[in-house]
Protein chains: 2
Amino acid sequence: MSILLLMVRTRTFDPATALTHAVELFASKGYSETSMEDIVKATGVSRYGLYGTFGNKRELFEQALDRYADSMGKQAFLRLLEPEASLDHIRRIFEGRVDDMCCEGATKGCLFIHTAMELAPRDDDLKDVLQKFMRRMSKLFSIGLESAKEKGEVRKDLDVTAAGELLTSTMFGLVVLGRTGFDRKTLNNIVENTLRAMR
Amino acid sequence: MSILLLMVRTRTFDPATALTHAVELFASKGYSETSMEDIVKATGVSRYGLYGTFGNKRELFEQALDRYADSMGKQAFLRLLEPEASLDHIRRIFEGRVDDMCCEGATKGCLFIHTAMELAPRDDDLKDVLQKFMRRMSKLFSIGLESAKEKGEVRKDLDVTAAGELLTSTMFGLVVLGRTGFDRKTLNNIVENTLRAMR
DNA sequence: ACCATAACAGAATGAGTATTCTGTTATTTT
DNA sequence: AAAATAACAGAATACTCATTCTGTTATGGT
């Protein structure tokens, strides 16, 4: 008889989809403004389930941050690793983000910015995790730029490391402007002018 | 006998300095994370004084935002209106911001970003106010760039309106990176590469 | 079929919050 | 000096929140 594996009643929710909902809420409203009650309602999962599966709000947030970074990577950034990555790949990443910020209820936000502004100053662990993600993001931009350089799409003397960090920074600036209601045209213009500087 | 002007006991605090403290707290921690209790402690002003003078937390925040924008303007941005404004003026504005983010306890934040992320999505009035400030900021950058263009410091075909918006966006990106612990060198590098694109 | 117990729903707890209320103090006017 | 009352300090209120507790339900092992 196995004690550890005993599970007399099966779980009625999928932790992965629950986490997806949590990511959406946190990305939209940030940490403090998202209550566990909000998450209970959005996921349909009981407090018991949430606490049992994710620990507490802080730990749930950290897992949401992991997931967020992961899905951002898979959705868009990892394609920058392919040798055929071009400036257009980078442009599309930005345009996708602009669309997120401008269309419909524009409820999408940015978990990275929320973490940086709300939590990083008082939670060193989270700050380190966040910094790691941002460095990775910058690195992926750099790699994409290097491929673009080989294609002759960006100037030969471009410091791709510095440019990658600049693009990461631009990404956040865009979101902040998007949240305050700047329109798609303005945001895409910023993207275009930023990319133009690489050529 | 004047009823309206009757003030039997003189106020023991200066609303202006109280507001300064509130600005610092809100800029550092944002709206939700700053309690009225925090402000009472930081200012030494009683609840009575705060509510009597500023209304409520929401109104106090709005006044803090006004003040913040105002002092940002006076400190740095208004100099861009002078005809002798140059690219170096713009550089210094950014470097000042980088210093704010990197030195000492790095408790300084950005009231604009906090407002955009926390409040703008659920407070249209505040969103409009914020957008107005951001447009003004972009405009001031544009004017400075125009002066720089006349000096031959930036290329003749630069769209200063678009470039002003880009610089505004860059300002926010920098703060987000600064909050997650990126060092002064990286941030100044981003500034330098952004400015270089104007030439 | 029955037991043991994990998963559940939601009530209870305790801490923190914004705001209002209360009794006190200080200052102008009479 | 006394009266009137604005400013004060801090208690009281009403609410929200994260977390824990409680009683119920469903299911795997016997």
Side-chain angles (χ1 to χ4, degrees), chain A residues 1-19 21-23 25-26 28-65 114-115 118-119 122-123 125-126, chain B residues 1-19 21-23 25-26 28-65 114-115 118-119 122-123 125-126:
Chain A
M1 121 177 148
S2 78
I3 292 177
L4 287 173
L5 295 180
L6 180 64
M7 189 165 293
V8 295
R9 184 174 166 179
T10 51
R11 222 195 327 234
T12 60
F13 72 96
D14 173 28
T17 56
L19 189 55
H21 285 117
V23 168
L25 283 170
F26 281 135
S28 167
K29 309 201 296 171
Y31 185 80
S32 325
E33 295 284 301
T34 303
S35 66
M36 291 299 281
E37 183 70 22
D38 288 339
I39 299 171
V40 166
K41 272 187 211 142
T43 59
V45 177
S46 67
R47 273 167 250 294
Y48 175 91
L50 290 179
Y51 281 92
T53 306
F54 300 107
N56 58 28
K57 190 182 178 185
R58 161 67 176 71
E59 290 173 56
L60 171 57
F61 185 87
E62 186 162 346
Q63 291 172 66
L65 184 59
H114 279 302
T115 308
E118 276 188 272
L119 270 10
R122 62 173 162 96
D123 188 326
D125 289 342
L126 230 34
Chain B
M1 123 179 145
S2 78
I3 291 175
L4 287 174
L5 294 181
L6 181 63
M7 189 164 294
V8 297
R9 185 175 165 178
T10 50
R11 219 190 333 231
T12 60
F13 71 97
D14 174 28
T17 56
L19 189 56
H21 285 118
V23 168
L25 283 171
F26 281 135
S28 167
K29 310 202 295 171
Y31 185 81
S32 324
E33 294 284 300
T34 303
S35 66
M36 290 299 281
E37 183 69 24
D38 289 339
I39 298 171
V40 166
K41 272 186 211 141
T43 59
V45 176
S46 69
R47 272 167 252 292
Y48 175 91
L50 290 178
Y51 280 92
T53 307
F54 300 106
N56 58 27
K57 189 182 178 184
R58 160 68 176 70
E59 290 174 56
L60 171 57
F61 185 86
E62 186 162 346
Q63 291 172 65
L65 184 59
H114 280 301
T115 308
E118 277 188 271
L119 270 9
R122 60 173 162 94
D123 189 325
D125 289 343
L126 230 32

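Both backbone and side-chain heavy atoms feed into the values below; hydrogens, waters and symmetry mates do not. Numbered from 1 within each chain, the chains take letters A, B, ... in sequence-line order.
Of all heavy-atom pairs spanning Ser32(B) and Glu118(B), the tightest one is OG-OE2, 2.7 Å. The minimum heavy-atom distance between Ala64(A) and Val23(A), with the atom names listed, is O-CG2, 3.5 Å. Minimum heavy-atom separation, Phe13(A) to Ala18(A): CD1-CB, 4.2 Å.
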Heavy-atom contacts, protein to nucleotides 18-27 of chain C, under 4.0 Å, summarised as B (base), S (sugar-phosphate only) or - (none) per nt, yield SBB----BSB
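Residue His21(A) holds its NE2 atom at 11.5 Å from CD1 of Ile39(A), rounded to the nearest 0.5 Å.
Annotation: of the two residues near DNA chain C, Gly44(A) and Glu33(B), the 5′-most nearest-nucleotide partner is Gly44(A).
A ring-ring contact (aromatic ring centres under 6.0 Å, His included) check over residues 42-61 of chain B, counting only residues at least two apart or in different chains, returns the pairs Phe26(B)-Phe61(B), Tyr31(B)-Phe61(B).
Look at CD on Glu59(A): it is 15 Å from P on dA18(D), rounded to the nearest Å. If you measure from atom CG of Leu50(A) to atom P of dC17(D), you get 15 Å, rounded to the nearest angstrom. If you measure from atom CZ of Phe13(A) to atom P of dA6(C), you get 15 Å, rounded to the nearest angstrom.
Between Thr12(B) and the phosphate of dA7(D), there is no side-chain N or O to OP1/OP2 separation shorter than 4.0 Å.
Partners of Ser46(B) under the side-chain hydrogen bond (donor to acceptor under 3.5 Å, both in side chains) rule, at least two apart in sequence or in another chain, do not exist in this structure.
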